[in-house]
Amino acid sequence: QAQLVASGGGLIQAGGSLRLSCAASERTFSRYALGWFRQAPGKEREFVAVINWSGGGTTYADSVKGRFTISRDNAKNTMYLQMNSLKPEDTAVYSCAAARPRPGTVLPTTYYEYDYWGQGTQVTVSS
């Protein structure tokens with residue numbers, strides 16, 4: 001069964017950087033849009049960023065725009081989230097997800113548009 005495995009989380013001081021990775025088990029995902037979501041304790045799951053299948057299109061949540069960069073390497077079946085200038089409010093469990101190809105060019109930004117989910121990786125930013 002196709003799987004996504006997220007890694008790279010940890011404890012970091014405010015202002016620091018982390019890079020998350022999401023490894024896909026199959027090349028099937030090379031045609032999928034891939035996204036990151038996060039969920040903080042007591043809060044709803046929140047969209048973070050998404051990248052299209054070729055890597056040529058991205059969308060970010062306003063809260064991370066200019067600080068986070070999403071990318072992918074289809075040859076390695078891996079997606080990345082480079083997180084810079086981290087803030088305590090970025091603390092959450094970060095999960096990666098894959099959305100099957102769909103007509104149109106608008107990238108999926110809501111959780112119900114995604115078909116596969118990986119387990120989360122904890123990111124904790126201390127002040």
Side-chain angles (χ1 to χ4, degrees):
Q1 186 174 354
Q3 289 185 328
L4 299 170
V5 179
S7 62
L11 174 63
I12 190 81
Q13 285 192 330
S17 298
L18 278 176
R19 188 176 81 157
L20 304 183
S21 297
C22 176
S25 63
E26 299 181 359
R27 288 195 56 80
T28 302
F29 290 119
S30 66
R31 303 297 294 182
Y32 286 31
L34 298 177
W36 288 98
F37 287 75
R38 67 186 182 186
Q39 188 166 20
K43 295 188 176 182
E44 293 187 352
R45 182 165 35 189
E46 176 188 23
F47 165 77
V48 176
V50 59
I51 189 166
N52 74 346
W53 70 273
S54 68
T58 59
T59 299
Y60 295 91
D62 288 342
S63 58
V64 307
K65 203 171 293 183
R67 299 187 298 122
F68 291 9
T69 302
I70 189 171
S71 62
R72 66 191 294 166
D73 185 340
N74 286 339
K76 296 182 178 179
N77 295 339
T78 303
M79 171 180 64
Y80 305 97
L81 185 67
Q82 178 67 42
M83 305 186 295
N84 298 330
S85 303
L86 282 162
K87 304 175 182 180
E89 50 264 44
D90 294 318
T91 295
V93 174
Y94 285 70
S95 300
C96 57
R100 292 191 183 97
R102 290 174 173 81
T105 59
V106 177
L107 294 174
T109 59
T110 54
Y111 73 91
Y112 53 81
E113 295 178 277
Y114 287 80
D115 304 289
Y116 295 93
W117 289 85
Q119 94 296 355
T121 184
Q122 176 72 46
V123 172
T124 303
V125 184
S126 63
S127 57

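Predicted, not measured: the structure shown is a model, and the values here were computed from it.
The same ILVMFWY cluster, assembled from side-chain heavy atoms under 4.5 Å apart, contains both W36 and I12. With hydrophobic clusters built from ILVMFWY side chains whose heavy atoms lie under 4.5 angstrom apart, Y80 does not share a cluster with V48.
The CE atom of M79 sits 9.0 Å away from atom OG of S21, with the distance rounded to the nearest 0.5 Å. Of the inter-residue distances, the one linking L81 atom CG with L34 atom CG reads 12.0 Å to the nearest 0.5 angstrom. Here OG of S30 is found 7.0 Å from CG of N77. Values are rounded to the nearest 0.5 Å. To the nearest 0.5 angstrom, D90 atom CG is 7.5 Å from S63 atom OG. Put simply, OG1 on T69 and CE on M83 are 11.0 Å apart, with the number rounded to the nearest 0.5 Å.
Using a 4.5 Å cut-off on side-chain heavy atoms (C-beta onward), Q122 and L11 make no contact. Within the 4.5 Å cutoff, the side chain of R100 has heavy atoms near those of the Y32 side chain. Between Y114 and V50, some side-chain heavy-atom pair lies under the 4.5 Å cut-off. Between K87 and V125, the closest side-chain pair of non-hydrogen atoms is not below 4.5 Å.
Judged by distance alone, the side chain of Y60 and the main-chain N or O of I70 form a donor-acceptor pair under 3.5 Å. A distance-only check finds a donor-acceptor pair linking the side chain of R72 to the backbone of N52 [under 3.5 Å]. Side chain of T28 to backbone of E26: no donor-acceptor contact under 3.5 angstrom is found. A side-chain donor-acceptor contact under 3.5 Å links N74 to the backbone of W53.
Scanning both residues, P108 and A99, for their nearest heavy atoms gives CG-CB, 3.8 Å. Between L107 and A33, the closest heavy-atom pair is CD2-CB, 4.5 Å. In terms of heavy atoms, T109 sits closest to E113 at N-OE1, 3.0 Å. Taking each heavy atom of A14 and P88 in turn, the nearest pair found is CB-CD, 4.1 Å. In plain terms, the two heavy atoms of G9 and L20 that are nearest each other are N-CD2, 3.6 Å.
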Give the table of side-chain donor-acceptor pairs shorter than 3.5 Å for residues 39-47, with sequence neighbours excluded, one pair per line with atom names and distance.
unit_1, atom_1, unit_2, atom_2, d
Q39, NE2, K43, O, 3.0
E46, OE1, R38, NE, 2.8
E46, OE1, R38, NH2, 3.4

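None of L18, N84, L86 except one satisfies the side-chain contact (heavy atoms from CB on, under 4.5 Å) rule with F68; the exception is L86. None of Y111, F37, Y112 except one satisfies the ring pair (Phe, Tyr, Trp, His ring centres under 6.0 Å) rule with W117; the exception is F37.
Note on ring orientation: taking the six-membered ring where Trp is involved, the planes of Y116 and F29 are perpendicular (angle over 60°, cut-offs 30° and 60°).
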